[in-house]
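What follows is a structure written as structure tokens; I'll ask about it next.
Just so you know, these numbers come straight off a predicted model, no measurement behind them. In what follows, chains carry the letters A, B, and so on, assigned in the order in which the sequence lines appear, proteins first and then strands, with residues in each chain numbered from 1.
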2 protein chains.
Amino acid sequence: MKLTTRSEYALLALVYLARNEDEGYISIETIATAQGIPPKFLEQLMLALKRAHFLRSAKGQKGGYQLAKRPNQIFLADVIRLFDGALAPTESVSENFYESTPIEKEKKLTRVFKDIRDYVSNKLEKTSIADVVR
Amino acid sequence: MKLTTRSEYALLALVYLARNEDEGYISIETIATAQGIPPKFLEQLMLALKRAHFLRSAKGQKGGYQLAKRPNQIFLADVIRLFDGALAPTESVSENFYESTPIEKEKKLTRVFKDIRDYVSNKLEKTSIADVVR
DNA sequence: ATGAATTCCTAGTAATCCAATAGGATTTGT
DNA sequence: ACAAATCCTATTGGATTACTAGGAATTCAT
């Protein structure tokens, strides 16, 4: 029932970039310092975010990162899925996981977890970075 | 964002015992076979459930386990908490985790995760074994 | 009394994941 | 040329997960 620090850090970085959208490219060092994230660790996350097309980068001096999408087009679900995989509270609640696991027979139990998954999904799919940047 | 198989198995075992409440003591072997759980693994879970007073046991031949509480007094939250710890989707959402983590400053982001935690908690606190046994 | 069935209990293990670090290669601005 | 940055891969230590192993204790049936 937990989120990794990877997702947490990635969201913090995105929020920071959204808040400073007009500043051009911003370095990892700057973001790491501002948000309290270990810089070399953040580096990996930024790279992943870039590869997933949430960010754009510029190399060399004066380089750094900036958002590649508008903050209202980046949803929490996208980011969390990138770093933590599925959103479901139990794997057996992820669609298609059934069929091999004993819980499949317990329909009512399954229903409870599906309800949770639906709520979580819905919430995270609908909340964008713009929504959390005051 | 996931539940361990421990919790899943424990819930399956409790559901089975609830469904067979009038059969006296039931052995691990019987439950494991019925619910498709590795028996030695289940043994550990049963022991923990017993120590947490959800179950009563009898040793020796004809021994086994039975519920120590009525099914409507055993809530999913209790069981999951026993095996998986806190229910929060992010540790930083668990009360008192803040104060040391960078996300604390991002109130709106925090709010989203708190909402999720509240929904999940509420759902699991209110659903009992009786509710999922048809 | 013996043996089988059972719970009780602790230890161990292989695999995976997590958070973080290390360090070199490459690119770019001055 | 040098400094500042991204790019990229590998590695590490620690924790957790999902099990398995195996012996001790207890109880029932014969």
- Query: Separation of A:F41 atom CZ from C:dA22 atom C1', in whole Å?
  - Reply: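 Answer to the nearest Å: 15 Å.
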
Can you give each donor-acceptor pair under 3.5 Å made by side-chain atoms of residues 60-72 of chain A, sequence neighbours left out, with the distance rounded to 0.1 Å?
| residue | atom | partner | partner atom | Å |
| --- | --- | --- | --- | --- |
| A:Q66 | OE1 | A:R56 | NE | 3.1 |
| A:R70 | NE | A:E21 | OE2 | 3.3 |
| A:R70 | NH2 | A:E21 | OE1 | 3.1 |

- What is the distance from CD of B:Q66 to P of C:dT6, rounded to the nearest Å?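 Going from CD in B:Q66 over to P in C:dT6 covers 15 Å.
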
- Residue whose closest nucleotide on DNA chain D lies nearer the 5' end, B:P39 versus B:F83: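 Whichever sits nearer the 5' end wins; that is B:F83.
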
- Query: Counting N and O atoms only, with roles assigned by atom type, does the side chain of A:Q35 sit under 3.5 Å from a partner on the main chain of A:L12, one being a donor and the other an acceptor?
  - Reply: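 Yes: the side chain of A:Q35 pairs with the backbone of A:L12.
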
- Item | Under the ring pair (Phe, Tyr, Trp, His ring centres under 6.0 Å) test, residues paired with B:Y25 that sit two or more places apart |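 Per chain and number, B:Y25 pairs via ring pair (Phe, Tyr, Trp, His ring centres under 6.0 Å) with no residue.
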
- Verify side-chain contact (heavy atoms from CB on, under 4.5 Å) between B:N20 and B:T30, making sure each step is shown before the conclusion. CA-CA 11 Å; B:N20 296 278; B:T30 303; over 6 Å; no

- Query: Taking only side-chain nitrogens and oxygens of B:T5, does any of them come within less than 4.0 Å of OP1 or OP2 of D:dA18?
  - Reply: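 For D:dA18, OP1 or OP2 has a side-chain N or O of B:T5 closer than 4.0 Å.
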
- Query: Please, which pairs that meet ring-ring contact (aromatic ring centres under 6.0 Å, His included) have at least one residue in residues 114-134 of chain A, sequence neighbours excluded?
  - Reply: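 Every ring-ring contact (aromatic ring centres under 6.0 Å, His included) pair that includes a residue of residues 114-134 of chain A, provided the two are not neighbours, is A:Y119-B:Y119.
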
- Task: To the nearest 10°, let me know how far the axis at one end of the helix from C:dA1-D:dT30 to C:dT30-D:dA1 is tilted from the axis at the other, five pairs an end.
- Result: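 One end's axis against the other's: 0°.
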
- Item | Residue pair A:D131 / A:S128, side-chain donor-acceptor N/O under 3.5 Å |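 Side-chain D/A pair, A:D131 to A:S128: present.
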
- Do nucleotides 5-15 of chain D as a string where each nucleotide becomes B, S or -: B if the base has a protein heavy atom under 4.0 Å, S if just the sugar-phosphate does, - if no protein is that close. SSBB-B-----

Using distance only, find each side-chain donor-acceptor pair of residues 40-54 of chain B under 3.5 Å and give its atom names and separation, not counting sequence neighbours.
| residue | atom | partner | partner atom | Å |
| --- | --- | --- | --- | --- |
| B:K40 | NZ | B:E43 | OE1 | 3.1 |
| B:K50 | NZ | B:S57 | OG | 3.3 |

- Message: Atom NZ of residue position B:K126 - does it have more than 12 heavy atoms of other residues, nucleotides or ligands inside 6.0 Å?
- Response: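 Count not over threshold, so no.
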
- Please state how far atom OH in B:Y25 lies from atom C1' in C:dA5, giving the value in whole angstrom units.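 It is 16 Å, rounded to the nearest whole Å.
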
